[in-house]
Q: 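This structure is in structure tokens; I'll ask about it shortly.
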Amino acid sequence: MKLQPYTIPMPLVDYPKLFLTADNFRNNGQVDEAIKYYLEIATLATQPAELEQKARALHMAGVSAKENVASADSAYYRDAINFYSQAEIAFKNLGDKGGLGSLYRDWAIINDYAGRTSEARDWFQKSIGVFKTIDDPAGLGITYDKFGLHFAKLGDLVAAENYINQALKLLRQEANAGFFTATTLFDLARVKFKQQQFEIAVDLAEESLSWFAADHGERQYVRRLAQLNGFLSLAYYEIAETKKAQTAAGTYKKLLKMLDPQAAKVLEKDLEELAK
């Protein structure tokens, strides 16, 4: 009997573990490490069956770069657009409309960060159009939320609040949308702060903070905790809760030191603009 040569199987790639590590770098404001890790995942995903992992990794590399964008002149902006363009091709090849809708939303957000508001609006509308063709209430909800923030940046607080409330209505019906719901509560708090409804803003931000500060196992959210504490340091001051404002400010400064310098600068700029 002729024996077939034995082929040693290649070890399986533990994508969930790799993505968890990369996600934590991103959520902790360690932007360069996150980008590097996501791109390594994309490089590992060479087989047709791994195209989903490749698409997600390229998308998230762009999302990571987004956190360091303060203008359209940023190299991070150019890198993110490059990653998004590659991810778009992969999502289209997969026929993944949910992935495309999420990608177009993040494409919109980065243009808002870069000050390209007209382009941002076009991408938001494109994202909403995709999500309306599929059953993904969480995806549509968080897109409405970020579209609301887009209007807030333009000073249209009525439209902003309308879209964010639509988002919350969708997200509160989803059992597994805790991250998106907490994010949307924070975004609504920002709008309420601009409307000088400071007590409501504090309540919303505290509800959001309670989710991000909870035990999420191996998942970490340092950047969002920094954002929320920075915001609350301003909001508590407005309602004469001086001690709480000082405590939140101290926590904010401590967490800010854990971020990449550029990610920290972007966060500080955002807080300064909110306080104007």
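Everything quoted here is computed from the prediction, not taken from an experiment.
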Q: Compare all side-chain heavy atoms of Ser74 with those of Asn68 and state whether any distance is below 4.5 angstrom.
A: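 Of all side-chain heavy-atom pairs linking Asn68 with Ser74, none is under 4.5 Å.
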
Q: Indicate yes or no: at least one non-hydrogen side-chain atom of Phe25 is less than 4.5 angstrom from one of Tyr38.
A: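 When only atoms from C-beta onward are counted, Tyr38 and Phe25 do not touch, as no gap falls below 4.5 Å.
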
Q: Does a salt bridge link Arg223 with Glu67, judged by any charged N lying under 4.0 Å from a carboxylate O?
A: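 Yes, charged N to carboxylate O under 4.0 Å.
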
Q: Consider only side-chain N and O atoms of Gln220 and Asn28, and report whether a donor and an acceptor are under 3.5 Å apart.
A: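 Asn28 and Gln220 do have a side-chain donor-acceptor pair below 3.5 Å.
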
Q: What pairs meet the side chain to side chain donor-acceptor pair (under 3.5 Å) rule with one or both residues in residues 153-169, with sequence neighbours excluded?
A: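 Sorted result for residues 153-169: Glu161-Lys192, Glu161-Gln195.
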
Q: Against His150, only a single residue in Asp145, Asp112, Thr117 fulfils side chain to side chain donor-acceptor pair (under 3.5 Å); can you say which?
A: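 Answer to the side chain to side chain donor-acceptor pair (under 3.5 Å) test with His150 among Asp145, Asp112, Thr117: Asp112.
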
Q: So do the side chains of Ser85 and Trp107 get within less than 4.5 Å of each other, counting heavy atoms only?
A: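 Side chain of Ser85 against side chain of Trp107, heavy atoms only: contact under 4.5 Å found.
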
Q: To check you understand the geometry: which heavy-atom pair defines the closest contact between Leu255 and Ala226, and what is its length?
A: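 Taking Leu255 first and Ala226 second, the nearest heavy atoms are CD1-N, 3.6 Å.
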
Q: Are Tyr104 and Glu88 linked by a side-chain donor-acceptor pair shorter than 3.5 Å?
A: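 Result is yes, a qualifying pair exists.
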
Q: Quick one, Asp187 with Lys146, criterion salt bridge (charged side-chain N to carboxylate O under 4.0 Å, His left out). Give me CA distance, side-chain angles, the key distance, then yes/no.
A: CA-CA 8 Å; Asp187 291 339; Lys146 296 306 178 184; 2.9 Å; yes

Q: Could you state the interatomic distance from CE (Met258) to CG (Leu225), rounded to the nearest 0.5 Å?
A: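 Answer rounded to 0.5 Å: 9.5 Å.
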
Q: Within the structure provided, determine whether Lys92 and Leu100 are in side-chain contact (heavy-atom separation under 4.5 Å).
A: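 A side-chain contact under 4.5 Å exists here.
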
Q: Which heavy atom of Gly62 sits nearest to which heavy atom of Phe83, and what is that distance?
A: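 That closest heavy-atom pairing would be N-CD1, 3.6 Å.
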
Q: Between Asp122 and Lys126, is any pair of side-chain heavy atoms under 4.5 Å apart?
A: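 No, their side chains stay 4.5 Å or more apart.
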
Q: Counting only heavy atoms not in Gln125, do more than 12 fall under 6.0 Å of its CD?
A: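 Count over threshold, so yes.
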
Q: Answer with yes or no whether the hydrophobic clustering places Leu204 together with Ile239; edges join I, L, V, M, F, W, Y residues whose side-chain heavy atoms lie under 4.5 Å apart.
A: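 Result: no, two separate clusters.
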
Q: Determine, stepwise, if the pair Leu232 / Glu206 fulfils side-chain contact (heavy atoms from CB on, under 4.5 Å).
A: CA-CA 8 Å; Leu232 282 167; Glu206 286 181 337; 4.3 Å; yes

Q: For Val63 and Arg26, what are the C-alpha separation, side-chain angles and deciding distance, and is it a side-chain contact (heavy atoms from CB on, under 4.5 Å)?
A: CA-CA 8 Å; Val63 171; Arg26 173 171 54 85; 3.9 Å; yes

Q: Of all the heavy-atom pairs spanning Ala160 and Val191, show the shortest one and how long it is.
A: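 Looking at all heavy atoms of both residues, the closest pair is CB-CG2, 4.1 Å.
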
Q: Check step by step if side-chain contact (heavy atoms from CB on, under 4.5 Å) holds for Gln246 and Tyr236.
A: CA-CA 9 Å; Gln246 291 172 342; Tyr236 283 139; over 6 Å; no

Q: Ile109 and Leu188: same hydrophobic cluster, using ILVMFWY side-chain contacts below 4.5 Å?
A: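 In one cluster: no.
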
Q: For Lys265 and Glu268, what are the C-alpha separation, side-chain angles and deciding distance, and is it a salt bridge (charged side-chain N to carboxylate O under 4.0 Å, His left out)?
A: CA-CA 5 Å; Lys265 286 180 182 178; Glu268 288 178 300; over 6 Å; no

Q: What heavy-atom pair brings Ile35 and Ser64 nearest, and what distance separates the two atoms?
A: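 Heavy-atom minimum between the residues: CG1-CB, 3.8 Å.
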
Q: Quick check: closest heavy atoms across Ala189 and Ala205, and the distance to 0.1 Å?
A: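 Shortest heavy-atom contact: CB-N, 3.9 Å.
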
Q: What about the rings of Phe179 and Tyr221, do their centers lie closer together than 6.0 Å?
A: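 Close enough - the centres of the two rings lie under 6.0 Å apart.
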
Q: Taking the side chain as everything from C-beta on, heavy atoms only, tell me whether Tyr76 gets closer than 4.5 Å to Lys66.
A: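 A side-chain contact under 4.5 Å is absent here.
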
Q: Which atoms form the tightest heavy-atom contact between Gln86 and Leu58, and what is the distance?
A: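 For Gln86 versus Leu58, the nearest heavy atoms are CB-CD1, 3.8 Å.
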
Q: Do you see a donor-acceptor pair shorter than 3.5 Å between the side chains of Thr183 and Arg224?
A: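 Indeed, the side chains of Thr183 and Arg224 share at least one donor-acceptor pair under 3.5 Å.
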
Q: Given side chains that start at C-beta, do those of Thr21 and Leu18 come closer than 4.5 Å, heavy atoms only?
A: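 No; the side chains remain at least 4.5 Å from each other.
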
Q: Walk me through whether Asp106 and Tyr84 qualify under side-chain contact (heavy atoms from CB on, under 4.5 Å).
A: CA-CA 9 Å; Asp106 288 319; Tyr84 287 166; 3.5 Å; yes

Q: Between Phe180 and Phe147, is there a shared hydrophobic cluster once you connect ILVMFWY residues whose side-chain heavy atoms come closer than 4.5 Å?
A: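 In one cluster: no.
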
Q: Can you hop from Phe193 to Phe186 via hydrophobic side chains spaced under 4.5 Å?
A: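 Same hydrophobic cluster.
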
Q: Let me check something: do Leu39 and Ile81 share a hydrophobic cluster, defined by ILVMFWY side-chain heavy atoms less than 4.5 Å apart, either directly or through other members?
A: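 Yes; tracing contacts between hydrophobic side chains, which count when under 4.5 Å, links both residues.
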
Q: In terms of heavy-atom contacts, does NZ of Lys97 have more than 12 from other residues, nucleotides or ligands at under 6.0 Å?
A: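 Counting neighbours around NZ of Lys97, 12 or fewer heavy atoms of other residues, nucleotides or ligands fall under 6.0 Å, so no.
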
Q: Should the pair Arg105 and Phe124 be classed as cation-pi, given the thresholds of under 6.0 Å to the six-membered ring centre and 45° from the axis?
A: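 No - Arg105 does not lie over the ring of Phe124 by the 6.0 Å and 45° rule.
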
Q: Decide salt bridge (charged side-chain N to carboxylate O under 4.0 Å, His left out) for Glu238 and Lys194; before the verdict, give the C-alpha distance in whole Å, the side-chain angles of both, and the deciding distance to 0.1 Å.
A: CA-CA 12 Å; Glu238 295 292 346; Lys194 280 295 189 182; over 6 Å; no

Q: With a 6.0 Å cut-off (strictly less than), is the heavy-atom count around CD of Glu273, excluding the residue itself, greater than 12?
A: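 Yes, because the 6.0 Å sphere around CD of Glu273 holds more than 12 heavy atoms from other groups.
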
Q: Flag the pair Lys269 and Glu272 as a salt bridge only when some basic side-chain nitrogen lies within less than 4.0 angstrom of an acidic carboxylate oxygen.
A: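 Looking at Lys269 and Glu272, the cut-off is not met.
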
Q: Is it the case that more than 12 heavy atoms not belonging to Asp135 sit under 6.0 Å from its CG atom?
A: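 Open: at most 12 neighbouring heavy atoms sit under 6.0 Å from CG of Asp135.
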
Q: So do Ser102 and His59 actually touch side chain to side chain, heavy atoms under 4.5 Å?
A: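 They are in contact (side-chain heavy atoms under 4.5 Å apart), so the answer is yes.
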
